[in-house]
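Keep in mind the model is a prediction, meaning the values are calculated, not measured.
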2 protein chains.
Amino acid sequence: MFPPNDHASRCTTCAIRHRSICDALNATEIVSLNRIARSRTVPAGRMILGEGQTRSVFANIVSGVVKLTKTLDDGRQHIIGLLFPSDFLGRAFRAENPYFAEAATDVELCVFPTAGFERLLAEHSELEHRLFQFTLTELDACQEWMLLLARKKAEERVASFLLMIAKRVPNMECSLAEKREQVHFVLPLSRSEVSDCLGLTIETVSRQITQLKTKGIIELVNYREILIPDLARLREAAYDLAGHASPSPLKAHKARRSVSSDD
Amino acid sequence: MFPPNDHASRCTTCAIRHRSICDALNATEIVSLNRIARSRTVPAGRMILGEGQTRSVFANIVSGVVKLTKTLDDGRQHIIGLLFPSDFLGRAFRAENPYFAEAATDVELCVFPTAGFERLLAEHSELEHRLFQFTLTELDACQEWMLLLARKKAEERVASFLLMIAKRVPNMECSLAEKREQVHFVLPLSRSEVSDCLGLTIETVSRQITQLKTKGIIELVNYREILIPDLARLREAAYDLAGHASPSPLKAHKARRSVSSDD
DNA sequence: TTTCTCGTTTGATTCAGGTCAAAGTTCTTC
DNA sequence: GAAGAACTTTGACCTGAATCAAACGAGAAA
């Protein structure tokens, strides 16, 4: 899909150049990273990285979506993370990989060989620093997701999921969409995969999507294509009230012994 | 509670010296870290760090247990992490703290002032590297916990929780306990806090503990003191079957072939 | 066109865990 | 040590999501 490596130019035209870990490097360093990098495309559904696999793969996600999954022996499984363009795949400093990585859509990767990448990491602390930043962001997202899994109801989970996707997936309408807070995108995952993200079943996800559709919070162009007429309403359904506290009168939850400041 | 700082000796007698982030530093560097460190004890139940609080606290946990919590506006809450002796508290490079930190038991901290610690971090890449390692471990644990929240049943969750505690809390019997795989410890959390770790209610946690007791997998000395006669049985109840590197056998996945070996 | 397949939706039913309500245990405090 | 208060267990009942079971598209092959 790509012309053979052209160390000088490939990175300069790279779409994710300034959002990926590469942004930590200066022009000279970029060249040496580029020298060891290899482009690779992976079709949807193909495994990229096996759980417990001895040697990790290091790669930038250039386009597409990668899902990271964990599985119990009896088949119960969970998607512990999704990687979008500019995200980094691979656990530095870990001999074993703690999860599977699989292409959710067709994926374009920029792959770095293990040894070479780790050497670069050791030589350029800027690069390690940036990787650290990425890891912290991943940890934040993970902890946020734990709250969802532990305490949110099915509808809130599905709404939260759509919100998360809407934030990271390319919008189909580029006109004055943002202005109107209207979003239109293609879901990168099947219902089954969505349910594996949310700790629900396919049926429940489907029902909740129907529910959101009935309420007019989302519109389905087709199974995968979703239009969100008003992000604020979706945010409300997701109970994603970052900061602004308006205790939704939908259901009065007994706030257990809290750090009560009032009555 | 502590004698005034003695830069030369305090660290050398520190119980967590070699497990904490400090182990990344050499003797000279330790002294400069020690110079800015301050001992502090926090009684159980006291807040250490507020969510969204502008400036982070940096500290080693010397003794006791700290819980990190996230709360939805209506009071639904979740404990996203527990910190044990030698763990590190605080988000480097983040202006805002994404969670509450509260002393679950009486806690002894070794606190570092923000500015000074970040300077040390910048000067000694070894220290940042170690912090990175700690963060990766935290991320691993977090992702493991997501699987628990998403897919494990109540009894498995409680068993997993006890297992996790058993691994990290000091054992009360030091004789030939390990040999027999027998563990005896004091729960650092109340039932309510346990339920907030597991995404369950107090009642369900209580019932599952009773259940485990009935099955003879655990014994209750009192509400907080637990004896585990056979760790293997608890591990089984937790569905914590380590090792497995095979994808789900039940759910038929079309993705099988690995991409790692070349075309 | 028909037929097959795969992913999705919808309906009926079940059940694990939540909710509500006591009652039993510890631990304080006076 | 009596009186509470706080925490924990237990019981009865309810409900939200899982499970079981069709039916419904949409795309692919014939």
Spacing of N222(A) atom CG relative to dC6(C) atom C1', expressed in whole Å: 15 Å
Establish, with yes or no, whether the OP1 or OP2 oxygen of [N] is under 4.0 angstrom from a side-chain nitrogen or oxygen of [X].
X	N	answer
T204(A)	dA18(D)	yes
S192(B)	dC7(D)	no
T201(B)	dG18(C)	yes
T210(A)	dT10(C)	yes

Out of dT8(C), dT9(D), dG17(C), whichever nucleotide has its closest atom nearest the side chain of K153(B): dG17(C)
Side chain of Y223(A) - closest among dA17(D), dT9(D), dG25(D): dG25(D)
Check: dG11(C) base within 3.5 Å donor-acceptor of R207(A) side chain: yes
N/O donor-acceptor pair, side chain E203(A) with base dC20(D), under 3.5 angstrom: yes
Sugar-phosphate only, base, or nothing, as touched by S206(A) at under 4.0 Å among non-hydrogen atoms: base
Sugar-phosphate, base or nothing in reach of L200(A), heavy atoms under 4.0 Å: sugar-phosphate
Six-ring centre of F185(B), R224(B) cation under 6.0 angstrom, axis tolerance 45°: no
